[in-house]
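Take a look at the structure below.
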Amino acid sequence: MRLMTDSLKPIDGLSTRPPPSLLDGLNETQAEAVRATEGPVLVLAGAGTGKTRVLTTRLAHILASGRARPWQVLAVTFTNKAAREMRERVARLLDCSVEGWWVGTFHAACARMLRGHAERVGLKPSFGILDTDDQLRLLKQLIEARNIDAKKLPPRLFSSVMQRWKDRGLTPERVTEAEGADAVDGLALPLYRDYQERLSALNACDFGDLLLHALTLFRDHPDVAERYRNQFRYLLVDEYQDTNVAQYLWLRALAQGHHNLCCVGDDDQSIYSWRGAEVGNILRFERDFPGAKVIRLECNYRSTSHILAAASGLIAHNRGRLGKTLWTTAAGGEKVCVRATWDGEDEARVVCGEIESRRASGHALGEIAVLVRAGFQTREFEERLIILGIPYRVIGGARFYERQEIRDAIGYFRIVVRGDDDLAFERIVNTPKRGLGAATLRAVHQLARGDGLPLSIAAARLVESDELKPQARGSLGRLLADIGRWREMLTRLPHPEVARALLDESGYTAMWQADRSPEAEGRLDNLKELVVALAEFESLPAFLEHVSLVMDNDEAAGDDKVGLMTLHAAKGLEFDTVFLPGWEEGIFPNQRALDEGGEASLEEERRLAYVGLTRARRRAIVTYAASRMVFGTWQNALPSRFVKELPAIDIDHTAPTGLFRATPSRAPADGAWPMAEPVHLAAADTSGAPRWPIRRPTPPLIEGRAERVAARPEPSHPFTTGQRVFHQKFGYGAVRRVDGDRLEIDFEKAGNKTVIHSFVETA
DNA sequence: TCCCTCCTTGTTTTT
DNA sequence: CAAGGAGGGA
């Protein structure tokens, strides 16, 4: 996203040659969503209903019909990936370049506006954009400056509170007294002020600020707001259910001109409330924008009818939906397979075994994905896939530009390009180790703060004086001289060459070469890759502007590998075959979400499950384990309540023999259990005899064919009825009943609770 | 200043 | 269990 001029390639030719095919192939509702260009429109697009197609065609239609020129349309998305896709598709539809158009992420659009009016919000046009790491380091300094115990109240905590305020469009002045007093013992608000002040002084802003400043700009400078309001005749928004309050206010401000706001989204796929997204935005659309037209895209082109029905049946358990009825013309297909497994290892074995046999029958691995609730769950699958020699790719995880070595390298680039980039200076000053520790840094800081200087200038002054120990002085002097030299090199040599020289001469490459850890080699490769990436930009500053906004790293998804990713990362993707492991209470729905967010969070977890199921085109396989190793201890698990919420006629529920008893102990309430009920579900009505079918740590299983010994109930813990015990959270109590691993305990303070034995100790 | 050991703490993540 | 941070010792 560099400086984009509003001049553009000829598109006028299009009006004389209207592409007759633009609406071809769209169904009636989709076409309606494209044609309804005037006034506010909400397109409720269920999973797999052709949302992106509608969005891009609509944009193309607006331009091709001459309703607006390219710079008069603003189209915003959340991710760079989505933005890129939209640009590519529109370019293809109209057969022209989209260079300079306002098609991009919310943040890129705001940054572009702010670059033009930076002074109005107290920044210089060259302002830098902080990444998460910079933010946390900065916050830590501010926390310590206020003598707050950073151990008890870590930077992350403050960061998230402040971030949530920014998500709601609240500058420090706008946070109410009451709320300020409430947040982190009243410490968060003053710290928020410190932080914003510090950012201004650094001529920098964080991601949240891009929107916040844009809002301030509109609010305090009506002329600017007016300008953009008039400019943008048509507004298009992707994934509207993910917008936060700040984004909503920003859109509303822009829509006040021509009122042509079209938002596309799906309330059932809102899974980001924890980072400030407001489902309320989409639920309230008709009230917010009077006269709004609501168009529902309900014809699903992706999944088979069983998958669709299973997903719909599940999501129907949520309340407060706008409601959609997805349907498909593709009848039949396989039922959703639900499979019980013994434990995490067994689950990985089952899933990867399936993958293996699909590969053997010619299935493309790139069309298979394993979608987990949390990142750590990928480990077991990775291990198993490695054993089987099946290529895979973990999507998400540490992104390229977030890796330590990349940020360090970029830190060097930053300090060379912008001598006053204090955060970059701090980052690299003692990396690699050059004997510049806390003491030296303190001296530099002190001088810098006292005289209002950037750190590197202060450091240069210190080197001239004799206030430093000779060693530190020499070392710091050498670093500064190096920086100066690299800066000079930049004026006469190609920047990739300078980058290479810089990494060598600074000792940074050598640092990783000397490193014996297994990942060092990969890091060196990454550094080489970085230099290659660099060459694609015309200059180092141009590159830096790019990385600050475009932190994505789409691994070439070209090669044929199984995808491992979180459910969040899977949103927007689709695969022939989708495995959904870990459907257990506590894992999915996630315990923490349940504890912290109650019913609302449960519904979000359910939406996550919905997102997962609807990623599948032909086959969805849900698995759960009866026992799982969690944080180093074995825990028994109950199947996720979501399993029971899947309509029985659309699923095929199986379990290995021995895991379930032969006959159900009670009739399934809603017909949801077409087979023997898992014993661990029947636990409630028992009278004490331990009959837990789960073994303690899984015995190593010989490759291939080992008979599973039916688990026998074993007294795996010493607790007996009447015994006095202690629990970390609930305190002291007496055991009232023993039921396998579960103990019903009458706690003195907390009352009657059923807990797993491993959580209590004898008192 | 650096390195090692002990202790804590475990979702989801884009820009 | 495993990783990352903090604090103490050399």
Side-chain angles (χ1 to χ4, degrees), chain A residues 1 76-83 104-111 129-132 135-136 140 149-152 154-156 160 163 166-167 205-212 239 242-244 246-247 270-277 344 371-380 395-399 401-402 404 430 432-442 469 471-472 475 517 519 546-553 565-572 582 586-597 601 604-605 607-609 611-612 628-635 697:
Chain A
M1 304 300 118
V76 281
T77 62
F78 277 86
T79 64
N80 288 300
K81 192 177 166 204
T105 62
F106 277 98
H107 292 87
C110 288
I129 300 169
L130 264 60
D131 60 32
T132 321
Q135 266 178 63
L136 293 176
K140 194 173 168 204
D149 185 2
K151 219 167 31 185
K152 273 198 82 186
R156 306 192 63 97
S160 74
Q163 212 52 65
K166 291 186 179 185
D167 288 340
C205 63
D206 64 24
F207 285 114
D209 284 334
L210 290 172
L211 267 142
L212 198 61
E239 307 277 23
D242 288 338
T243 49
N244 59 34
Q247 286 156 338
S270 159
I271 54 175
Y272 284 112
S273 74
W274 49 272
R275 67 177 198 212
L371 311 184
V372 296
R373 175 61 180 83
F376 68 85
Q377 290 174 263
T378 58
R379 214 203 63 225
E380 277 172 315
I395 296 172
R399 283 180 300 282
Y401 289 115
E402 270 174 28
Q404 188 190 341
N430 199 32
K433 302 262 180 289
R434 37 174 86 87
L436 298 171
T440 316
L441 218 52
R442 205 178 312 120
K469 293 210 185 108
Q471 269 191 347
S475 189
S517 64
E519 64 266 30
H546 172 81
V547 291
S548 58
L549 279 177
V550 184
M551 297 286 275
D552 69 349
N553 119 74
M565 68 200 88
T566 62
L567 289 158
H568 284 92
K571 185 161 156 227
I587 291 196
F588 188 38
N590 178 277
Q591 191 57 48
R592 198 142 144 192
L594 253 35
D595 292 345
E596 288 170 15
S601 283
E604 183 150 317
E605 295 285 302
R607 290 194 289 268
L608 208 43
V611 167
R628 194 177 285 277
M629 176 83 113
V630 183
F631 301 143
T633 44
W634 282 94
Q635 299 208 218

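We name chains A, B, ... by the order of the sequence lines, and we start the count at 1 in each one.
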To the nearest angstrom, the CZ-C1' distance between A:Phe631 and B:dC7 comes to 16 Å

Regarding the side chain of A:His568, the nearest nucleotide among B:dT14, B:dT12, B:dT11 is B:dT12

Sequence neighbours excluded, the answer for ring pair (Phe, Tyr, Trp, His ring centres under 6.0 Å) partners of A:Tyr272 is A:Trp274, A:His568

Separation of B:dT11 atom P from A:Glu605 atom CD, nearest Å, is 13 Å

Against the side chain of A:Ala439, the closest entry in B:dT15, B:dT1, C:dA6 is B:dT1

Checklist line | Between C:dG4 and B:dT11 - P atom distance, rounded Å | finding: 13 Å

Inset, instruction - Give a yes/no verdict on base stacking between B:dT12 and A:Trp274: centres under 5.5 Å, planes within less than 30° of parallel. - result: yes

Rounded to whole Å, CD of A:Gln591 lies from P of B:dG10 at a distance of 14 Å

Testing B:dT1, B:dT11, B:dT15 for proximity to the side chain of A:His107, the answer is B:dT15

Closest of B:dT14, B:dT13, B:dT1 to the A:Ala438 side chain is B:dT1

Of the listed B:dC2, B:dT13, C:dA6, the closest approach to the A:Asn430 side chain comes from B:dC2

* Asked: Any side-chain heavy atom of A:Val76 sitting closer than 4.5 Å to one from A:Gln247?
  -> no

Ranking B:dT11, B:dT14, B:dT12 by distance to the side chain of A:Ala593, first place goes to B:dT11

Review point. Do the ring planes of A:Phe106 and A:Phe78 sit parallel (below 30°), tilted (30 to 60°) or perpendicular (above 60°)?
Key: tilted

Rounded to whole Å, CD of A:Gln404 lies from C1' of C:dG5 at a distance of 14 Å

